[in-house]
A.B. asks: 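Take a look at the following structure, please.
Along the sequence shown, residues are numbered consecutively beginning with 1.
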Amino acid sequence: MALTMTRTRTQKALTHLAKAVAAAHGELELLDAIVPLLPDSSEALERRRSHLLADRDALYLTLRQFDAELDGGDIGTSPDWLKAYGPGNKRRLALAAYLEALGIPPLTPAVFERVWRDARALCR
């Protein structure tokens, strides 16, 4: 089957959607990991989680527009969402910027170390 412009555009759109779903899954996974570590910030974290769940559901619906058999839940996770908060080789700083963007007050070094220790594997 030849690659037509329409087929190429469709494949690019599906790839973009899959990357967006993987990024949403990655951020949700991080939120689930750090909520217990930051009980004083649970409101801000839960607000972000609710927003992400709505975005993820919209992405799932869009995927199903292309193919009703596509299941967005089968897509893995990606740390690419963290790139908006800092360069890839500075994940620790990006995590700090992410928490700040959520409105979480600055953490003590000991608390941040605990959060980073649990989040490090999810941010790679």
A.B. asks: List the steps, then state whether side chain to side chain contact (heavy atoms under 4.5 Å, CB included) holds for Asp67 with Leu14.
C.D. replies: CA-CA 10 Å; Asp67 185 343; Leu14 281 171; over 6 Å; no
A.B. asks: I need the Arg64 CZ to Leu59 CG distance, nearest 0.5 Å.
C.D. replies: 11.0 Å
A.B. asks: Quick one, Tyr98 and Arg48 - any side-chain contact, counting heavy atoms below 4.5 Å?
C.D. replies: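 When only atoms from C-beta onward are counted, Arg48 and Tyr98 do touch, with a gap below 4.5 Å.
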A.B. asks: Indicate yes or no: at least one non-hydrogen side-chain atom of Leu63 is less than 4.5 angstrom from one of Ile75.
C.D. replies: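 Touching, per the 4.5 Å side-chain cut-off.
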A.B. asks: Counting C-beta onward and ignoring hydrogens, is there a side-chain heavy-atom pair between Tyr85 and Leu93 closer than 4.5 Å?
C.D. replies: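 Sidechains of Leu93 and Tyr85: no contact.
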A.B. asks: Can a salt bridge be assigned to the pair Asp32 and Arg49 using a cut-off of 4.0 Å between side-chain N and carboxylate O?
C.D. replies: yes
A.B. asks: Taking the side chain as every heavy atom from C-beta outward, state whether Pro105 and Ser41 have any pair of such atoms under 4.5 Å apart.
C.D. replies: yes
A.B. asks: Tell me whether the count of non-hydrogen atoms from other residues, nucleotides or ligands lying under 6.0 Å of CD in Glu46 goes above 12.
C.D. replies: yes
A.B. asks: Does some side-chain heavy atom of Thr77 sit less than 4.5 Å from a side-chain heavy atom of Leu28?
C.D. replies: no
A.B. asks: Do Arg91 and Arg120 come close enough that some side-chain heavy atom pair is under 4.5 Å?
C.D. replies: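 No. Closest side-chain heavy atoms not under 4.5 Å.
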A.B. asks: Hey, what do you get for CD (Glu27) to CG (Asp55), rounding to the nearest 0.5 Å?
C.D. replies: 9.0 Å
A.B. asks: Report yes if some heavy atom in the side chain of Leu30 is under 4.5 Å from a heavy atom in the side chain of Trp81; otherwise report no.
C.D. replies: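 Sidechains of Trp81 and Leu30: in contact.
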A.B. asks: To the nearest 0.5 Å, how far apart are NE2 in His25 and OG in Ser78?
C.D. replies: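 OG of Ser78 is found 11.5 Å from NE2 of His25.
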A.B. asks: Would a 4.5 Å heavy-atom cut-off, applied to side chains only, mark Val111 and Leu37 as touching?
C.D. replies: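 When only atoms from C-beta onward are counted, Leu37 and Val111 do not touch, as no gap falls below 4.5 Å.
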A.B. asks: Test of understanding: clusters of I, L, V, M, F, W, Y form through side-chain heavy atoms closer than 4.5 Å, transitively. Do Leu31 and Val21 belong to the same one?
C.D. replies: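 Leu31 does not cluster with Val21.
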A.B. asks: To the nearest 0.5 Å, tell me how far Ile104 CD1 sits from Glu43 CD.
C.D. replies: 11.0 Å
